[in-house]
Amino acid sequence: MKNIVEQTSREKTDLGTARIIEFSISGLAGYDKVYARQLNADVNVFFGLNGSGKTSLLKILHSAMSDDINILEGVAFQIAEVKIYSIALDKVFIRTIDAADEFVWKTEPKIAKFVVPHHIFLPIFRIGSETTEVELAQNLRELWKQYSHEISEMIRKAQEKGLANILKAILSMKSQNKEKVNTKVEPDIAYKLIVNFLERQNNIVADVLGTQAEFERRYLTEPHIQRVVNDINKIENDIEQARQPLCKLQQLIQDLFSGNKALQFKEQTIEVSNPNGSNIDLSVLSSGEKQLILILLETFLAKESCILIDEPEISMHIDWQERLVDAMRQLNPSVQIILTTHTPEIMVNIEDDRIFRL
């Protein structure tokens, strides 16, 4: 998510996290008609045969979000209007472009400069013949490094905040030593919490605690130690919350892979092993397997914004097609999904009001 920049100089307006709420396109794919839809905040599936304008539609939406008219090269349409809701600004911006007039996106209300809102676009070529298996595997590694870095930053911030609270508790030990502390952490759990916390810190060993029995006696009688335990417990809960999406991702992918291969998401890479336990290179996975991991990782990174995917079913097993949208929603309930397809399997478990025919 981008940070919202204060418009002190009125040089730019950063929409931050945003979604597409409505669009209207005349002459889409050469048809003499207007195609308009209001979009759902969660799932939107555009269904149609080849040549119906599915890819053109996504390119127009992507171009409106990215402010890049080069995306529209070869796209058949006359006039397009796209309404974008900035979640961060709580405001709707209307973007219009006329293929017969000045070929640029215009924005209402008028702003000096349109700063691209966060969104993700996956065209067919990202998962098709134009991308080699090695390149696709490398894309997955880079995506994972990006997401892993975000997790590490969240954990680092949680630890920094917790350590500051611990230092505060120690420095105020005399003034607060007699104050009652509300703690629900049992002495044995408190000991394990501190041991685990210290062992994760560089150059700090848990030996400073003494024996478990000695620590538990002090814990029951010394309020400042209880405060430290409360702070460490909060740190551990924050770290667990930061790692929760990763655990969900790994469990879901493992479930989808049905035990044929095991994936482990390490700090810097994705490791894959076959049933006998030997490691295999990520590039050896099938196109469908890599494609599935790619879409799920990108779904994470979309956060509260939107992800646009053109025909995700290519190379994907039918069972995965049927479960794909539900899996994406499980991993990121806040994302807006906009995808195109020409296969019924993608739409099996999707409500009718979230399916639009082209």
Side-chain angles (χ1 to χ4, degrees), residues 1-2 4-5 7 9-39 44 46 48 50-89 91-128 130-131 139 298 301-303 305-312 335-340 356 358:
M1 183 187 302
K2 297 178 182 290
I4 302 304
V5 179
Q7 275 192 272
S9 62
R10 297 185 61 82
E11 291 181 353
K12 58 184 179 179
T13 298
D14 188 345
L15 274 64
T17 303
R19 293 175 180 165
I20 301 171
I21 60 173
E22 190 175 346
F23 69 83
S24 174
I25 305 170
S26 62
L28 178 64
Y31 293 108
D32 186 21
K33 62 178 181 179
V34 175
Y35 187 75
R37 288 289 183 268
Q38 291 185 343
L39 298 186
N44 306 270
F46 291 89
N50 289 332
S52 60
K54 300 188 303 298
T55 297
S56 295
L57 168 61
L58 283 195
K59 285 185 175 181
I60 291 170
L61 298 180
H62 176 40
S63 177
M65 292 284 277
S66 62
D67 202 35
D68 183 357
I69 60 171
N70 294 320
I71 295 168
L72 300 177
E73 184 177 356
V75 176
F77 75 101
Q78 296 170 3
I79 299 174
E81 177 183 282
V82 180
K83 293 184 180 180
I84 300 171
Y85 172 64
S86 169
I87 300 172
L89 299 179
K91 190 172 185 178
V92 175
F93 293 86
I94 303 174
R95 310 215 73 201
T96 57
I97 191 169
D98 189 336
D101 193 9
E102 186 181 3
F103 199 61
V104 295
W105 284 102
K106 300 176 182 179
T107 308
E108 290 290 341
K110 292 182 179 180
I111 51 179
K113 182 180 179 181
F114 183 83
V115 178
V116 176
H118 175 66
H119 72 292
I120 290 172
F121 176 55
L122 294 179
I124 294 177
F125 75 84
R126 283 283 300 274
I127 49 181
E130 295 183 26
T131 301
N139 286 341
E298 292 281 25
L301 297 173
K303 299 181 180 178
S305 192
C306 64
I307 179 169
L308 302 93
I309 313 177
D310 199 3
E311 298 187 9
V335 70
Q336 181 188 36
I337 300 170
I338 303 173
L339 63 83
T340 67
F356 308 104
L358 272 164

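In what follows, every heavy atom counts, from backbone to side chain, and hydrogens, waters and symmetry copies are set aside.
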Is the shortest heavy-atom distance from the side chain of F23 to the side chain of I60 under 4.5 Å? no
Where do V335 and I120 land on the side chain to side chain contact (heavy atoms under 4.5 Å, CB included) test, with the steps shown first? CA-CA 10 Å; V335 70; I120 290 172; over 6 Å; no
Listed partners of H119 passing ring pair (Phe, Tyr, Trp, His ring centres under 6.0 Å), at least two apart: H62
Heavy-atom distance under 4.5 Å between the side chains of F121 and M65, does that happen here? no
Rounded to the nearest 0.5 Å, how far apart are CG of D310 and OG of S56? 9.0 Å
Indicate the atoms forming the closest heavy-atom contact of F93 with S86, along with that distance. CE1-CB, 4.2 Å
Heavy atoms, side chains only, cut-off 4.5 Å: are N50 and E311 in contact? yes
Which pair of heavy atoms, one from V34 and one from S26, lies closest together, and at what distance? CG2-CB, 3.9 Å
Say whether, by atom type as modelled, one donor and one acceptor occur between the side chain of S24 and the main chain of E81 under 3.5 angstrom. no
Kindly compute the distance separating CD1 (I97) from CD (E102), expressed to the nearest 0.5 Å. 9.5 Å
Look up atom CZ in R95 and atom OG1 in T107, then write down how far apart they are to the nearest 0.5 Å. 3.5 Å
As a quick check of understanding, evaluate side chain to side chain contact (heavy atoms under 4.5 Å, CB included) for I307 and E298, giving each step before the final call. CA-CA 8 Å; I307 179 169; E298 292 281 25; 3.9 Å; yes
Verdict with supporting geometry, W105 and L72, side chain to side chain contact (heavy atoms under 4.5 Å, CB included): CA-CA 11 Å; W105 284 102; L72 300 177; 4.2 Å; yes
Are side-chain heavy atoms of Y35 and F77 found at a separation under 4.5 Å? no
Can you list the residues that meet the side-chain contact (heavy atoms from CB on, under 4.5 Å) rule with N70, with sequence neighbours excluded? D68
Could you check if a side-chain atom of P312 sits within less than 4.5 angstrom of a side-chain atom of L122, using non-hydrogen atoms only? no
How close do V75 and I71 get, heavy atom to heavy atom, and via which atoms? CG2-O, 3.9 Å
Separation between CD1 (I20) and NZ (K83), nearest 0.5 Å, reads 13.5 Å
Rounded to the nearest 0.5 Å, what separation is found between the CZ atom of R19 and the CD1 atom of I338? 10.0 Å
Could you tell me the separation between the CD atom of E73 and the OG atom of S63, rounded to the nearest 0.5 Å? 12.0 Å
Using the side chain to side chain contact (heavy atoms under 4.5 Å, CB included) rule, take K106 and D101 through it: C-alpha gap first, then chi angles, then the decisive distance, then the call. CA-CA 12 Å; K106 300 176 182 179; D101 193 9; 4.2 Å; yes
Please examine the side chains of L58 and P123, heavy atoms only from C-beta on, and report whether any two atoms are closer than 4.5 Å. no
4.5 Å side-chain heavy-atom contact, L39 and Q336: yes
For the backbone of L358 and the side chain of K54, can you confirm whether one donor and one acceptor N or O come within less than 3.5 Å of each other? no
Please name the pair of heavy atoms, one in A29 and one in G51, separated by the smallest distance, quoted to 0.1 Å. CB-O, 4.3 Å
